[in-house]
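Scroll down for the structure; my scribbles are underneath it.
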Amino acid sequence: MKKYLLFLLLGASLTACTFDNYDPPSSVLKGRIVYKGEPIGVEYNNVTFELWEPGWGKKGSINVTVDQNGSYASTLFDGNYKLVIPSYQGPFKSIRNAETQSDTIPVQVRGSQTLDLEVLPYYMIRNATFTGGESKVSTQFSIEKIITDASAKAIEEVALYISKTDFVDVRTNIAAQVIKGADLKTMSGIQLQVTVPKLTPTQNFVFARVKLKVSGIEDPIFSPIQKVTY
Amino acid sequence: MKKMHYLSCLVLMLVSWSCNDEKFLDKDPTNILTNDKVWQSPNLVLTVLVDLYDRYPDMQSTERWVEYANFDEAFASSSGEYYRHKNQEYSYDWWNYWDYGYLREMNLFIQKCEQATQLSAGDKTRFLAEARYLRASFYFEEVKRMGGVPLILEPLAYDFSGDPTYLQHARAKESEIYDFVIAEMEAIKNDLPADANVKSRASKGLALATEARAALYAGSIAKYGVNTPQVSLPGGEVGIAADKAAGYYQKALKAAEELIALGQYSLYLKKPTDLQDNFASLFTDKSNNAEVLFVKDFKLKSGKTVDWTINNQPRSVAEEQQGGRLNPSLNLVQSFEKLDNTFAPYAYTEANGGYRYFSNPLELFAGRDARLGGTVILPGSQFKSKTVDIWAGYILANNSIITGDNFGSRKVLPGKTTEEQVVGFDGPIDGLEYSAQTGFYVRKYQDPTVGSGQLGTRSEVWWIRYRYAEVLLNAAEAAFELGQSAKAAEYLNQVRKRAGFTKDLVAADLSFDRIVHERKVELAFENHIFWDLKRWRLAHVVWNGNATDLTTQPGVATETSTRIFGLWPYKIYAPGTEQNGKWVFKKIIPSNVTNPHRFRLGNYYSFINEDIRNNNPKIVKNPNQ
């Protein structure tokens, strides 16, 4: 009698185990935030967009964080998602989606795929070049104003940041030169230069990029990161 | 085996038998009080109310010293708390508050109090007014932290139908919550005792002070919200329309002036000959203190005591191996004006960059606002009648430094043969917890009585939530924003005279920066700076994440102040020269301050947890998160 009971219990517990055993998500949705095919650089951990999968009891979005170089990746279950870039995220405006007639982008996930999200930035940093030498890092770049209609915004400041690692922004920089938007005389051939401070442990390279902050927009836009030896 | 069965059957029968006797089980419980019992006796009702008072929310207070180290006012000299100076940003859910359990109990209290039949009319009116005061204060705290929240004014009950949607309420507008707080204060002010001796319970003066503060907050959000248009929601749950500003400022001024006209409160001035000491005593003197409106009180040997003094007493005069945790920053210390009404950083270097020499470290801080010494324990000043021992080491003639790595370390100085002390018993020693790592200790609220620094005794100094000087500053700010600068100057001057300023400000001297600055120095370590910078929409400007040097314009409201600086005194050891034994100062940045503070737009209103929004889909998310 007791033996059977034991087996019964064992059996019950075994079958119960399979109840919530399902495969982990495996479809990777990845891509970049781009303007005409060119990725838009942002701060790490500070620009996100939302993926919503309707039809579930609880409502909550999957927040996808955009990397410094404008790329993103998220591992998902197959399904139909709605992708929204909230209006306050990123140094850009989202483009009206033709299908939904709103800023919502429908995304069908059936296996891994690459999806570049086209947006409309306020400005683009063009042709940023970095040179190093004699303990200095200098850059030259141009600025192109993309949004010129009534919703155009002024430049609050531009800055050159250098950093010990390839995380480069206001939080991690070791030296910066900042120019206020009002003091910016030209939009092309802008030159900035910083002196590299003494580093411990010493390294003969730093990572650099240029920031442009649009006034009234929290997230700045960045040029690609470049390793510079000096 | 069979016997056992019989036996158990017998017992079972016995038990079920006795159960039938109703009188046997129907007894009054001896360990709990039922509703009926409680609502017969005003004393028992008061105990319920006391619990509600006890749960009054504070963000910073003397019970939570470490919360003062989040911003630029102070450094946390305690190894578990250094992360506050290493964070790259504040998380969005920091400071969130969603205590609807507390609200429900207040709503239940109000409901039951209204239904109570055996209380006297006087008791009932006062209890009701007090509970409504606490409920409005709860909403005030909610709106400060979260923006508009669901406005629930009665206890909600679930009908077990399986469909809870009728219990889901959307967030009210931010302005509606402020309007509620203001209206409640107006409604209850005359039900509360107009007695300045009522300090740990609500009084008429307190209702007016709360109304003034709430209206002022709403007014400034309306006015300065235009600087951050992104910090708003389309439904008005966050953000107040700019055209409402003047109305709120008028209400604030009216409420503050009504309180002033009561004539029951005045600025504390029991020690007019020593204004520094006077300012320090204001916070610790519990007898006939006419400045204080509302406190959380403590009492020795009652189980309700506070450990602010234990945590923060100077190590050199400490009564335990405890203290020194909160170190005010040079950023704050240099904000105190000179007595000629001008601002200046401390002149510790000569024009050519060399040291200035002082025969006493206090010389550097002479001629400043008396509130400086009342708020901060400066090097060379006294606490509990003993001089604190803050000095970082000896500087030799060749500019090299001799110092130690523990409190009061001893070493042999060059040219000598015996060891002697080479660093203060309070430090500063970089990275040594409990030493004055910025060169300063906090004085405000520190209890000067013997035993206050002992773990076994602790302290009974109260925590002041509202005091008269803030009411005057609120009146001044509201008057200034309404264009009545002369009136604003008059209110400011009252507070400034008590701080030792002899030259009054005139209307032309007044500016927004003056108002900001006056609050910063008067109300430091009193749970104001954070809410003030938020409502002025200056938090993201002042704590902008840029690792800038210490500002040289401490009177300018928009100056960046993201990292904590310190000022260390050293003694000169150069026998035979005239500088020998003199004091010099060095500006430092503690090595644990590795990252600047960065307040993002999403920090203005705290994150509402995913759970709350899942359970009630009508709750909208706060902006920029």
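All values below come from the heavy atoms of this structure, side chains included, with hydrogens, waters and symmetry mates left out. No experiment lies behind these values; they were computed from the predicted model shown.
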- [ ] Please say whether more than 12 non-hydrogen atoms of neighbouring residues, nucleotides or ligands are located less than 6.0 Å from NZ in A:Lys93.
- [x] yes

TODO: Pick one of side chain, backbone, both or neither for B:Asn595, based on which atoms fall under 4.5 Å of a heavy atom in chain A.
DONE: side chain

- [ ] Would you mind checking which part of B:Glu89 comes under 4.5 Å of any heavy atom in chain A, side chain (CB onward), backbone (N, CA, C, O), both or neither?
- [x] side chain

Task: Most chain A-contacting option - heavy-atom pairs closer than 4.5 Å, from B:Asn614, B:Thr228, B:Asn227 - done: B:Asn614

Task: Polar side-chain atom of B:His597 near backbone of B:Asn70 as donor-acceptor pair, under 3.5 Å - done: yes

- [ ] Could you tell me whether a side-chain N or O of A:Ser27 sits under 3.5 Å from a main-chain N or O of A:Val109, the two making a donor and an acceptor?
- [x] no

Task: Within 45° cone of B:Tyr92 ring axis and under 6.0 Å: B:Arg600 NZ or CZ - done: yes

- [ ] Return yes if some donor-acceptor pair links the side-chain N/O of A:Ser61 with the main-chain N/O of A:Asn63 below 3.5 Å, else return no.
- [x] no

TODO: Give, as side chain, backbone, both or neither, the part of A:Glu218 having an atom under 4.5 angstrom from any heavy atom of chain B.
DONE: both

Open item on the list: Quick check on B:Arg613 against chain A: is it the side chain, the backbone, both or neither that has a heavy atom closer than 4.5 Å?
Closed with: neither

